[in-house]
Amino acid sequence: MALKIVSRLSYTSRSVQQLSFYDQLSFYDAKQSANADPSTSLSIDSDQFAKVDTTPVTIVDYGVQAVVLRFLHECFPNDTFIAEEDSSYLRKSPRLTEKVLDFVQASTGGARWTTTELYTAIDLGSSDEHKKHRSRAWVLDPIDGTKGFIRGEHFCIALALLDYGQRNATCSHEGRRPILSVLGCPQLSLDRVLAATSSSDKCHLSDVVPPSYTPSNATNPTEIYQLFRKDVGSVFFAVKDQGAYVKSLDMPVGLGYPCSVSTVSTPSLISLCESREALMSTSRAITGRVRDRLGMVKEFVRLDGQCKHGLVGAGSVEGSLRLPPPGYIEKIWDQAPGLFFIEEAGGKVTDLKGREIDFSAGSEPAPTGLWSSSSAHRKAKDLSPTVKGVIVSNGHVHASLVEAVQIARNALKDMDELMMRWRE
């Protein structure tokens with residue numbers, strides 16, 4: 001995995017790299033202070049906040065969305081946006097609004113933001129313009145893995161750019177497809193990512209950048225500095241037909257390691273990721289049965305957010321399983337960024353039955369229930385209700401994973417039916 005100077009990427013890609021490099025550092029610093037203040041995490045029991053799907057939200061979710069969407073809107077005024085949050089809860093609470101304003105101002109070098117500017121920036125992600133005009137659409141999950149963020153563990157700032165009429169080797173239909181993605185993982189060090197791959201290449205800055213470049217922690221300008229430190233995070237990014245890359249937050253914009261998935265094809269030798277917390281009561285039972293059926297000797301790697309996709313695309317692990325609760329409707333921001341990174345790295349992403357994930361299906365009506373919402377713009381962000389979960393892999397073991405997951409789910413379903421009959 002030799003270091004590469006990524007100089008031929010489009011203006012769009014370079015702009016996003018700059019956003020990742022600068023803002024990820026700011027968000028990481030802000031996160032440290034946020035963790036020290038419990039009030040920055042909004043409880044579901046608060047009379048000022050209650051998300052339909054019971055998931056938590058923090059001021060950093062709102063702050064990241066505001067900063068990223070305003071930056072992108074200024075760079076690409078004709079593009080549209082799809083993002084997780086909207087300003088409706090903040091508008092009900094001046095206190096929370098003030099906290100978010102403090103965060104975005106600190107994250108943008110002290111720039112002054114008005115309340116109106118904040119709400120407008122956040123609500124850029126709630127428009128349906130992308131459906132009316134078939135324009136490019138940026139998809140953002142400001143904090144993917146909010147529970148991990150609150151615990152001070154893994155989380156991801158996930159971004160993708162979708163365009164119409166796109167088709168690739170893993171997609172047989174034309175429609176709205178990603179052409180660029182970025183996964184910012186402030187808690188996942190590049191040292192850890194590379195340590196799990198077959199690469200032992202640890203390049204140094206002096207080998208690939210001008211001598212005038214000096215890292216922020218430099219004490220001696222003539223010293224040879226290691227390319228990445230163990231205490232900073234990583235950014236994974238991919239551009240259509242130009243490959244997938246990973247870089248440390250310590251590295252200058254324009255540098256990255258080309259990524260490719262693992263070549264392991266023997267199911268018993270693979271390593272898999274799953275969520276830090278079980279997403280439903282039977283999740284661990286299913287993944288445990290998958291592990292037993294495949295004869296895996298390695299334990300699951302558990303972490304939150306689309307950091308898991310980064311590890312698969314970089315070849316650190318061979319796959320990842322996502323098993324949400326029954327009735328949960330997958331959101332486009334949960335899948336588009338990570339899926340595109342995996343595809344550009346040579347891997348594969350499908351639903352639990354091995355079917356392609358269609359990002360043009362967002363306008364389908366969602367079923368009623370705890371995990372659905374009746375708002376029009378929320379439906380536009382939903383994937384098809386037929387997507388009951390997601391399997392990510394290096395491609396070589398995908399068929400084995402799909403089969404093992406189906407057998408495990410059916411076995412548990414049969415057990416549930418037997419228990420119901422016994423109770424009758």
Side-chain angles (χ1 to χ4, degrees), residues 141 144-145 147-148 153-156 158 160 170 178 181 183 185 187-188 192-193 196-197 234 236 238 244 246 259-265 267-280 282-291 293-294 296 298-325 328 330-331 333-357 383 387-406 408-409:
D141 191 338
D144 182 26
K147 291 182 179 179
E153 298 177 356
H154 293 289
F155 66 97
C156 176
T170 61
S181 72
L183 305 172
C185 306
Q187 296 284 64
L188 183 59
R192 176 182 176 185
V193 174
T197 69
S234 304
F236 302 85
V246 61
C259 287
S260 60
V261 294
S262 162
T263 59
V264 175
S265 59
S268 62
L269 300 181
I270 67 174
S271 180
L272 296 177
C273 290
E274 65 178 347
S275 297
R276 174 73 165 74
E277 296 182 9
L279 299 181
M280 63 175 179
T282 57
S283 292
R284 295 289 190 254
I286 293 174
T287 57
R289 285 175 176 267
V290 168
R291 183 176 183 271
R293 178 169 183 80
L294 298 180
M296 292 170 52
K298 298 178 182 178
E299 296 293 337
F300 276 85
V301 178
R302 293 174 178 169
L303 67 167
D304 292 301
Q306 291 172 74
C307 301
K308 297 185 284 291
H309 292 70
L311 291 180
V312 177
S316 303
V317 298
E318 284 67 47
S320 177
L321 303 179
R322 176 177 170 85
L323 303 168
Y328 178 81
E330 291 284 358
K331 302 298 187 285
W333 51 73
D334 288 326
Q335 300 303 327
L339 176 145
F340 182 70
F341 179 78
I342 292 294
E343 290 182 346
E344 284 294 316
K348 188 172 184 178
V349 182
T350 69
D351 71 4
L352 298 183
K353 294 185 177 181
R355 299 172 298 197
E356 299 169 356
I357 296 178
L383 297 184
V387 180
K388 305 295 185 182
V390 175
I391 297 176
V392 179
S393 83
N394 62 1
H396 303 293
V397 296
H398 203 86
S400 297
L401 287 175
V402 171
E403 179 185 37
V405 168
Q406 289 303 306
R409 294 178 75 213

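Along the sequence shown, the residues carry numbers beginning at 1.
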(request) Name all residues meeting the side-chain hydrogen bond (donor to acceptor under 3.5 Å, both in side chains) criterion together with Arg293; count only those two or more places apart in sequence or in a different chain, and write none if there are none. (result) none

(message) If I compare all heavy atoms of Gly338 with all of Leu183, which pair ends up nearest, and what's the gap?
(response) N-CD2, 4.0 Å

(message) Quick check: closest heavy atoms across Ser181 and Pro337, and the distance to 0.1 Å?
(response) OG-O, 3.1 Å

(request) Kindly indicate whether the side chain of Ile270, heavy atoms from C-beta on, has any atom under 4.5 Å from the side chain of Met296. (result) yes

(request) Compare every heavy atom of Gly310 with every heavy atom of Phe236, then report the nearest pair and how far apart it is. (result) CE2-O, 3.4 Å

(request) Could you pull out all residues at least two apart from Gln335 that satisfy side-chain hydrogen bond (donor to acceptor under 3.5 Å, both in side chains)? (result) Glu330

(message) Let's go through Val301 and Leu272 carefully: what are the C-alpha distance in whole Å and the side-chain angles of both, what is the deciding distance for side-chain contact (heavy atoms from CB on, under 4.5 Å) to 0.1 Å, and is it a yes or a no?
(response) CA-CA 6 Å; Val301 178; Leu272 296 177; over 6 Å; no

(message) Whether the side chain of Asn394 engages the backbone of Val264 through a donor-acceptor N/O pair (distance < 3.5 Å, no angle test) should be reported.
(response) yes

(message) Before you tell me yes or no, could you show the steps for Leu294 and Leu401 under side-chain contact (heavy atoms from CB on, under 4.5 Å), namely the whole-Å CA-CA distance, both residues' side-chain angles and the distance that decides it to 0.1 Å?
(response) CA-CA 8 Å; Leu294 298 180; Leu401 287 175; 3.7 Å; yes

(request) Identify the heavy atoms of Ile286 and Ala408 that sit nearest to each other, and give their distance. (result) O-CB, 3.8 Å

(request) Decide side-chain contact (heavy atoms from CB on, under 4.5 Å) for Gln306 and Cys185; before the verdict, give the C-alpha distance in whole Å, the side-chain angles of both, and the deciding distance to 0.1 Å. (result) CA-CA 9 Å; Gln306 291 172 74; Cys185 306; over 6 Å; no

(request) Starting at CG of Asp304, measure out to CD of Glu277 and round the result to the nearest 0.5 Å. (result) 7.0 Å

(message) Between the side chains of Glu299 and Arg291, is the shortest nitrogen-to-carboxylate-oxygen separation below 4.0 Å, so that they form an ion pair?
(response) yes

(request) Quick one: list whatever passes side chain to side chain contact (heavy atoms under 4.5 Å, CB included) with Val349, sequence neighbours left out. (result) Leu339, Ile342, Ile357, Val390, Val392

(request) For residues Arg409 and Lys388, determine if any side-chain heavy atom of one lies less than 4.5 Å from a side-chain heavy atom of the other. (result) yes

(request) Output all residues satisfying side-chain hydrogen bond (donor to acceptor under 3.5 Å, both in side chains) with Ser262, sequence neighbours left out; order by chain, then residue number. (result) Glu318

(request) Quick one: closest heavy-atom pair of Leu311 and Cys273, and the distance? (result) CD1-SG, 4.1 Å

(message) Run the side-chain hydrogen bond (donor to acceptor under 3.5 Å, both in side chains) test against Thr350 and tell me which residues pass, sequence neighbours left out.
(response) His398

(request) Evaluate side-chain contact (heavy atoms from CB on, under 4.5 Å) for Leu352 paired with Leu323, printing each intermediate quantity in order. (result) CA-CA 9 Å; Leu352 298 183; Leu323 303 168; 3.9 Å; yes

(request) Look only at the side chain of Ser234 and the backbone of Leu188, and say whether a donor-acceptor pair between them is shorter than 3.5 Å. (result) yes

(message) Rounded at 0.5 Å granularity, tell me how far CZ in Arg284 sits from OG in Ser275.
(response) 7.0 Å

(request) List the atom of Ala345, the atom of Gly313, and the distance in Å for their closest heavy-atom pair. (result) CB-O, 3.4 Å

(message) Let me confirm one number: the CD-CZ distance from Glu274 to Arg302, rounded to the nearest 0.5 Å.
(response) 4.5 Å

(request) Taking the side chain as every heavy atom from C-beta outward, state whether Val317 and Lys298 have any pair of such atoms under 4.5 Å apart. (result) no

(request) Please list, chain by chain and in numerical order, all residues satisfying side chain to side chain contact (heavy atoms under 4.5 Å, CB included) with Lys353, sequence neighbours excluded. (result) Asp351, Arg355, Gln406

